[in-house]
Amino acid sequence: MTDEHELIRIRKEKLKKIKEQGIDPYALHFRRTHSSESVHECAKKISIGEVLEDLEVAVIGRIITVREHGKSCFAHIRDDSGDIQIYIKANAIGEKTYGLFKLLDIGDFIGVKGKIFKTRTGEDTILVSEFSIFSKSLQPLPEKRLGLRDIELKYRRRYVDLIANKDIKPLFKLRSHIISSMRRFLEGKGFLEVETPMMQQIPGGAMAKPFVTHHNTLDMDLYLRIAPELFLKRLIVGGFEKIYEINRNFRNEGISTRHNPEFTMLELYQAFVDYEDLMHLTEEMFCVIAEECLGKTSIEYQGNKIELKKKWKRLSFVDAIKKYAKIDLESVSDKELKNSAKELVPEIRKMNSFREIVDAIFKKVVVPNLVEPTFIVDYPERMCPLAKKKKDNKNLTERFQPYICGIELGNAYSELNDPMEQKERFLDQIKDRKMGDSEAHLMDEDFITALEYGMPPTAGLGIGIDRLVMLFTNSPSIRDVILFPQLKPLI
RNA sequence: GGGUCGUUAGCUCAACUAGGCAGAGCAGCGGACUCUUAAUCCGUUGGUUGUGGGUUCGAUUCCCUCACGGCCUACCA
C-alpha cells in the first residue's frame, strides 16, 4: 500500500469523500436522453448566446478536459458519438454540489442534465443544472495534447490508447465496417456463412506450423487450425454451393509487421466456377467495400496512390520470376536454381524443397514490385498441393494471389477435386516433409474419403482481413489493426 | 532465431556528443479568476534514470548481462 503512486492515492481519497456523502460513484443514476452527437443536432436550432428552452437533456460521458474559471467550470465530456462541452456554475447548482464537482477528475464518467446553449464563441454547450457520478477513474490519463505515444503501452493497454489517441477508435470502427461490408457483399451474392472447427486433429489447408493443445478427457493432442480449407471443402462435398467463413487462423510462426500468430481470414468456396470467376469476384468485392467504407474506390497506402476500380493486372508466376529474377522455371535445373537463389536471396537458410527456394526468390525479388493491384496466376504444381492443374499445362495450377502495394492479400485456386490425384499430391508433400520442409501438408485420409464421394468443380478464395484493413487504413503494421496484438508478458 | 535502435516523473520529452547536484511542458496539489476551450496568472509536490554487474573519487552518460519493445531480416500469410 505504501508504494501506491501519489496520483492514485489522491484519487482514492476523493473517492472516499464522495462515498462519505452517501453517493455510490459507480452506479447508474439516470438514463441518458441524448448522445453528444444528438445534442449538437439539437443545437443547430439556436444561435450564439441563445438557450434552447423547453428541452432538458441528460448526457453521460467521460470527462476529458477541464477549464476552471472561478466558481464556474467548462469541461468536455466524451461518449461514443463524440465530445460535448458542459458548463457548471456554482450559483446554478449550489455551493455544496459544486464542491462535489471539484472531487471529479479527468477520466471520470459523469452524467449531466441541463439545457443546451451556444457560448459566445459559438460552441454547443450544456448548462448543467444537475450532475451525477457514474464511475470514478483512479488512473491518470496520458498527456492531453500528445496522447499516448509509447508503442508498447499502446498495445499492452489498448483501452488507454483508445481513450487518449483520437484516431484509434475510428480506425477500429472502420475495421468493423469493412468486415460487415464484406459479409453484406457475400450474403448479397448468395453465400452462406458457416463455422468449421478451430481445433483440428490434422492441421491442414495451408503450409504453416500449428499450435498444439491437448484435450484432457479424450487424452489427445489437437491443433489450432492453420486454415479452415479442408472442412469447407467437405461442406461443398455435402452439397453447399456457396459458403464462406470469417474467423481466426493460428500459425506458430514469427511475428512481424505483416504477421500476427492469430489473424482473421475470409475463406469462401463456390461450386461450378473456376479461379477466373473468383478474380472478378475479388475485384468487385474490394471496390464495393472501398466504396461503402471509404466512400471512394481509390486508396493511398504508404505514399502509393492506388485505384481499385479497374481490371487488375494478371501476371503469371513463371513470367513474374522471368521478369524480375531472370530465371526460366520451365528450363532451369535444380542446381542452377539453387545457385540463383544463393545470389538473389543470400540470407535464405532453407534450401530443401523446390517450393521453398522458388517461394523465397518470389518474395524477395518479385513481391516488392507488385504495387498496382495484380493477380499473380498459374503457380507451379509443386507449390500448390490443393490446386487443380491447368488444362493446357500440367506443370501449372489454376491458382492466383492478389497483391497490392507489395502486400499479399490472399490466395485462391480452382480446387483439386480428383481424389486419386489429391492422394498422390499428399504423398509428394510427405516426401517434401521428409526432406525437411516442416510446413508441407500432412495426409488427411478423411478429406480424401470426402473427395471420393465426389466434390463438384469448385473454386476457393482466402483473403487476409487484417492486411486488407492495413491497406484501407494506411497502417504500416498489422499490430495497428489488431486490437490486442500478441506480446510477451512483462514479468 | 540473427542484426540494429530504444527504455529518464503518471504522460510527452530534455540532459548523454566530451562522466561532475537529473530538467521542462502536461497532469496532480494549493491559491486567484463566472463565456473558457492547449484557458490564463501565482506557488508547488513528484525520480532506485528498465534490471543486475563492471570501470571510476564520481555513471542517466562509458563497458557487459538480462528483460521488454520498435525497425530490418529469417520462418510465414
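Chain letters run A, B, ... following the sequence lines, proteins first and then strands; every chain starts at 1. None of these values were measured; they are calculated from a predicted model.
- Between the C1' atoms of rA9(B) and rG23(B), the separation comes to 11 Å (whole Å).
- Base pairing annotation: rU49(B) forms no Watson-Crick or G-U wobble pair, as no partner gives both donor-acceptor distances under 3.5 Å.
- Using the Watson-Crick or G-U wobble rule with both distances under 3.5 Å, rA39(B) pairs with nothing in any strand shown.
- At the phosphate of rG70(B), OP1 or OP2 sits under 4.0 Å from a side-chain N or O atom of Arg479(A).
- We find that CD1 of Ile88(A) is positioned 16 Å from P of rU34(B), with the value rounded to whole Å.
- In terms of polar N and O atoms assigned as donor or acceptor, the side chain of Glu123(A) never comes within less than 3.5 Å of the base of rU36(B) in a complementary pairing.
- Distances were taken from every side-chain heavy atom of Leu148(A) (C-beta onward) to each of rU12(B), rA39(B), rG46(B); the shortest belongs to rU12(B).
- If you check every strand for non-hydrogen atoms under 4.0 Å, Thr257(A) touches sugar and phosphate atoms only.
- Note on Lys338(A) versus Asp334(A): no salt bridge recorded, every NZ/NE/NH1/NH2 to OD/OE distance being 4.0 Å or above.
- Among the atoms of the strands shown, base atoms are found under 4.0 Å from some heavy atom of Asn91(A).
- Separation of the C1' atoms belonging to rA32(B) and rC13(B) is 30 Å when rounded to the nearest angstrom.
- For the C1' atoms, the distance linking rA14(B) with rU61(B) amounts to 14 Å, nearest Å.
- Going from the C1' atom of rG3(B) to that of rA59(B) covers 28 Å, rounded to whole Å.
- Nucleic acid contact class of Tyr155(A) (heavy atoms, under 4.0 Å, all strands): sugar-phosphate only.
- Look at the P atom in both rC21(B) and rU65(B): the space between them is 29 Å, to the nearest Å.
- In summary, the side chains of Ser81(A) and Glu37(A) do not present any donor paired with an acceptor at a separation below 3.5 Å, with no hydrogens or angles considered.
- Across all strands shown, nothing is found opposite rC75(B) as a Watson-Crick or G-U wobble partner with both distances under 3.5 Å.
- The nucleotide rA9(B) finds no pairing partner, because no Watson-Crick or G-U wobble arrangement with both distances shorter than 3.5 Å includes it.
- Put simply, His69(A) has no side-chain N or O that comes within less than 4.0 Å of OP1 or OP2 on rU40(B).
- With a 3.5 Å ceiling on both atom-pair distances, the Watson-Crick or G-U wobble partner of rU44(B) is rG28(B).
- Remark: rG20(B) base-pairs with rC57(B); criterion is Watson-Crick or G-U wobble with both hydrogen-bond distances under 3.5 Å.
- Judged by a 6.0 Å distance limit and a 45° cone about the ring axis, Arg234(A) is positioned over the six-membered ring of Phe231(A).
- Within 4.0 Å (heavy atoms only), Met265(A) reaches no atom of the nucleic acid at all.
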